[in-house]
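Step one of this worksheet: look at the structure below.
Just follow the structure's listing: the first ligand is 1, and inside any ligand the first atom is 1. In what follows, residues are counted from 1 in the order of the sequence shown.
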Amino acid sequence: MFETIAYETRGKTAWITLNRPDKLNAFTSLMHKEMVAAIKEANKDSNVRAVVITGAGRAFCSGQDLSGSTDTDYGEVLRKGYNPMVQALVSMEKPVIAAVNGVAAGAGMSLALACDFRIASEKASFIEAFIHVGLVPDSGNLYFLPRLVGHAKAMELAVLGEKITAQQAKEFGLVTKAVTEEDFMLEVETFAEKLANMPTKAIGLIKRYLNKSWESDLNEVLEYEAQAQKIAGESEDHQEGLAAFLDKRKPAFTGK
Ligand code: T3D
């Protein structure tokens, strides 16, 4: 049982809900630990083939809890709390969707960026809030933001710290989809279900090697592709994909 988040599985999807709505789901050290535990739980459950992270109440996440912390060494807060959470998310070889229901500020925005897909409600907004309290973007923000929006836009967002709407986030390439509040939950559920019925091993390999490609040269990427394709080529889902193509039917992937 968790105190600061909720975890449940619905069909093949694990739902992780940040659950401190009165603080707009701000992070505490307990929340970091519980997030890592929930991500590991989703990772080891072979029935889970997609993960959704969202927020309870009107916010996605307002970043670090600014009200109660006595920690003064923020470097250690990051090393012990945020970094393991981001590493667990990125190394999980299953697709993760941030269902951004409301404001995503500071490290809350970083959490959304570390996910593989972002679906934003029209009620969502994104704020690089760090600068307003004299801090720098963290929790992978300086890694993911320029990769998503380019260096110049990342600089602008990080330094100016202006609130951007879901629609602007879509235009900047920050989110996969921006949808009306009315359609939001159904969109997230449908998208998660679609991913959960895809060849999970191949998705995991795409995630692993796309992340590595940023630090690799062409020859290294060519070799990674060969390694990945060997694994994917030996999967049951590849056999099913081939059989379905030849039978002219829709494939029924099992994630194996
Ligand atoms: O350890 C370290 O500190 C290093 C790591 C840092 C990582 C970071 O994330 S630094 C950035 C931290 N986050 C922020 O600076 C954002 C602070 N919050 C805001 O700027 C605004 O609350 C929002 C833009 C997110 C939302 O604005 P609004 O007007 O919709 O809501 P509000 O009225 O400001 O907030 C509602 C309540 O939530 C309010 O409490 P109250 O007055 O009703 O009792 C507010 O204090 C509380 N709240 C919002 N954000 C936080 C928070 N409480 C604690 N920590 C928060 N981050």
Side-chain angles (χ1 to χ4, degrees), residues 2-6 16-36 38-39 53-90 96 98-115 118-149 154-169 172 174-175 178 180-181 184:
F2 295 117
E3 266 181 50
T4 63
I5 64 171
I16 300 174
T17 305
L18 307 173
N19 196 19
R20 303 184 70 228
D22 53 324
K23 300 278 184 188
L24 305 188
N25 303 318
F27 279 115
T28 61
S29 56
L30 178 60
M31 194 188 264
H32 296 137
K33 289 192 186 91
E34 293 192 337
M35 282 296 286
V36 172
I39 294 163
I53 299 179
T54 193
R58 72 177 174 90
F60 177 72
C61 175
S62 61
Q64 175 66 25
D65 189 319
L66 300 176
S67 60
S69 175
T70 50
D71 288 307
T72 48
D73 183 343
Y74 291 168
E76 281 307 292
V77 173
L78 294 175
R79 287 185 196 101
K80 290 191 180 137
Y82 287 98
N83 296 0
M85 179 181 72
V86 172
Q87 284 155 347
L89 266 180
V90 171
V96 185
V100 188
N101 52 306
V103 65
M109 177 160 168
S110 308
L111 172 64
L113 301 185
C115 294
R118 283 150 292 283
I119 299 184
S121 150
E122 64 191 337
K123 294 265 173 185
S125 56
F126 297 82
I127 311 175
E128 291 275 282
F130 310 90
I131 196 75
H132 301 306
V133 287
L135 294 178
V136 297
D138 60 25
S139 314
N141 200 296
L142 291 177
Y143 179 91
F144 296 111
L145 190 64
R147 284 166 168 76
L148 286 165
V149 301
M155 189 72 176
E156 191 184 311
L157 296 175
V159 171
L160 301 180
E162 288 168 358
K163 184 197 265 195
I164 59 170
T165 64
Q167 199 47 50
Q168 286 173 308
F172 301 157
L174 209 71
V175 303
T180 63
E181 196 194 6
F184 177 64

Inset, instruction - Keeping to residues at least two apart or across chains, list the side-chain hydrogen bond (donor to acceptor under 3.5 Å, both in side chains) pairs with something in residues 75-89. - result: Q64-Y82, E76-R79
Legend entry - Spatial distance of atom OG (S139) from atom CG (L89) [nearest 0.5 Å]: 11.0 Å
Inset, instruction - Over all heavy atoms of both residues, which pair between G106 and F130 is shortest? Give the atoms and the distance, please. - result: C-CZ, 3.1 Å
Legend entry - Check: T17 side chain, N19 main-chain N or O, donor-acceptor pair, under 3.5 Å: no
Inset, instruction - Taking atom types as modelled, find out whether D65 and S67 have a side-chain donor-acceptor pair closer than 3.5 angstrom. - result: yes
Inset, instruction - Kindly say whether G102 contributes a backbone atom to a donor-acceptor pair with the side chain of R58 at under 3.5 angstrom? - result: no
Between the protein and ligand 1, are there any N or O atom pairs that come within less than 3.5 Å of each other, and if so, what are their names and distances?
from: ligand 1; atom 1: 9 (O); to: Q64; atom 2: N; distance (Å): 2.9
from: ligand 1; atom 1: 9 (O); to: A107; atom 2: N; distance (Å): 2.9
from: ligand 1; atom 1: 13 (N); to: S62; atom 2: O; distance (Å): 2.9
from: ligand 1; atom 1: 30 (O); to: R58; atom 2: NH1; distance (Å): 2.9
from: ligand 1; atom 1: 30 (O); to: R58; atom 2: NH2; distance (Å): 3.4
from: ligand 1; atom 1: 31 (O); to: R58; atom 2: NH2; distance (Å): 3.0
from: ligand 1; atom 1: 50 (N); to: S62; atom 2: OG; distance (Å): 3.2
from: ligand 1; atom 1: 55 (N); to: L66; atom 2: N; distance (Å): 2.9
from: ligand 1; atom 1: 57 (N); to: S62; atom 2: O; distance (Å): 3.2
from: ligand 1; atom 1: 57 (N); to: S62; atom 2: OG; distance (Å): 3.3
from: ligand 1; atom 1: 57 (N); to: Q64; atom 2: O; distance (Å): 2.9

